[in-house]
Amino acid sequence: MEQILIDSDGNILESIDNISESRLMEMPTYTHCLAVVKLDNDYLLGWNKWRGRYEIFGGCAENGETPRECISRECYEELGIKGDFSYIGAMNLTLQPDWFCKETRTEHGGLYGIHVKGLRLDEITKGINDKEEILQLALYRDIKDKEPIAEIDEVLLKYYE
């Protein structure tokens, strides 16, 4: 199988698989969910204080939490948004040692998309509930090639157009 991307940290986006949400949740390697957020006609990214770069939104699944519950909770915590998330598929990743785990490992995560219309960037910024992690928001067109963006996340934008 051909890999989609190896980032500068050595993390590998192996594939986006057509696995149902219920099957994803049953996988022992299911750990997290991410969401590509479109604000009108552009992508919304958040500056992650801990990793020092712009990223898409999401996080770790809590014990027993379905992928849809996970992404709904994470996007509410990080952005203050609720809505109808579109399930795109299951990300298959090989991740290098980091804060979460000291070993290289395979993880699967749900990838979702949501389109937010009619809100200004400053209105969404006021809704950030997790100000410890997400320091600021930006539109992709304003930071592309100017600010550090998580390489895998930048590729994931293309899966929700």
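Keep in mind that this is a model prediction, so the values were computed, not measured.
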*asked:* Can you confirm whether K49 is buried at NZ, in the sense that more than 12 heavy atoms of other residues, nucleotides or ligands lie under 6.0 Å from that atom?
replied: yes

*Pair E14, T94: side-chain N/O donor-acceptor within cut-off below 3.5 Å*: yes

*State, yes or no, whether a side-chain contact exists between I143 and I149 at a heavy-atom distance under 4.5 Å.*
yes

_R73 vs E77, test: salt bridge (charged side-chain N to carboxylate O under 4.0 Å, His left out). Steps then yes/no._
CA-CA 6 Å; R73 176 185 51 76; E77 288 174 2; 3.4 Å; yes

*Side-chain donor-acceptor pair present, Y30, E21, cut-off under 3.5 Å*: no

*How many angstroms lie between atom CG of D153 and atom CG of L111, to the nearest 0.5 angstrom?*
9.5 Å

*Does anything in residues 109-128 pair up under salt bridge (Lys or Arg N to Asp or Glu O under 4.0 Å), and if so which pairs, sequence neighbours excluded?*
R120-D122, R120-E123

*Any side-chain heavy atom of I152 within less than 4.5 Å of one from L93?*
yes

*asked:* Any donor-acceptor pair under 3.5 Å linking the side-chain atoms of S8 with those of E151?
replied: yes

*Rounded to the nearest 0.5 Å, what separation is found between the NE2 atom of H108 and the CD1 atom of I16?*
10.0 Å

*If you look only at pairs with a residue in residues 37-46, which of them pass as a salt bridge (Lys or Arg N to Asp or Glu O under 4.0 Å), with sequence neighbours excluded?*
D42-R141

*asked:* Strictly by salt bridge (Lys or Arg N to Asp or Glu O under 4.0 Å), give each pair with a member in residues 93-105 just once, sequence neighbours left out.
replied: D98-R105, R105-E107

_Donor-acceptor contact present, side-chain Q3 to main-chain S15, <3.5 Å_ = no

*Flag the pair V116 / I124 as yes when at least one side-chain heavy-atom distance between them is below 4.5 Å, and no otherwise.*
yes

*Looking only at heavy atoms, which two atoms of C70 and G59 are closest? And how far apart?*
SG-O, 3.5 Å

*Which pair of heavy atoms, one from L34 and one from I71, lies closest together, and at what distance?*
C-CD1, 3.5 Å

*Measure the shortest side-chain to side-chain distance between Y87 and L24 over non-hydrogen atoms and say whether it is less than 4.5 angstrom.*
yes

*If we only count heavy atoms from C-beta on, is the E74 to F57 side-chain gap below 4.5 Å?*
no

*Distance only, no hydrogens: is a donor on one side chain within 3.5 Å (strictly under) of an acceptor on the other, for E55 and N48?*
yes

*asked:* Could you measure the distance from the OG atom of S72 to the CD1 atom of I114? Nearest 0.5 Å is fine.
replied: 8.0 Å

*Same cluster (ILVMFWY, side-chain, under 4.5 Å), L156 and I12*: no

*Can you name the nearest heavy-atom pair linking P148 to G52, along with the distance?*
CG-O, 3.8 Å

*Distance from L79 atom CG to K82 atom NZ, nearest 0.5 Å?*
13.5 Å

*Step by step, work out the side-chain contact (heavy atoms from CB on, under 4.5 Å) result for N11 and I6.*
CA-CA 6 Å; N11 298 309; I6 301 175; over 6 Å; no

*Sub-4.5 Å side-chain heavy-atom contact between I4 and Y159*: yes

*Between Y140 and E154, is any side-chain donor less than 3.5 angstrom from a side-chain acceptor?*
yes

*Could you go through the side-chain contact (heavy atoms from CB on, under 4.5 Å) check for Y43 and E161 one step at a time?*
CA-CA 9 Å; Y43 297 103; E161 295 188 276; 3.5 Å; yes

*asked:* For L121 and L39: C-alpha separation, side-chain torsions, deciding distance, then whether side-chain contact (heavy atoms from CB on, under 4.5 Å) applies.
replied: CA-CA 8 Å; L121 189 58; L39 179 58; 4.3 Å; yes

*Inter-residue atom distance L13.CG - D7.CG, 0.5 Å rounding*: 9.5 Å

_Does Y160 form a side-chain contact (heavy atoms from CB on, under 4.5 Å) with I88? I'd like the steps, not just the answer._
CA-CA 8 Å; Y160 187 69; I88 297 167; 3.8 Å; yes

_Nearest-0.5 Å distance, CE of residue M25 to CD1 of residue I19_ = 15.0 Å

*Note, Q96 side chain near D9 side chain (heavy atom, < 4.5 Å)*: no

*Between the main-chain N or O of T66 and the side-chain N or O of E69, is there a donor-acceptor pair closer than 3.5 Å?*
yes

*asked:* Do Y112 and P67 make a side-chain contact, defined as non-hydrogen atoms from C-beta onward lying under 4.5 Å apart?
replied: yes

*asked:* Looking at A150, is its backbone amide N or carbonyl O close enough to the side chain of R51 to form a donor-acceptor pair, meaning the two atoms are under 3.5 Å apart?
replied: no

_Minimum-distance pair of heavy atoms, taken over all atoms of G46 and L137_ = CA-CD2, 3.9 Å

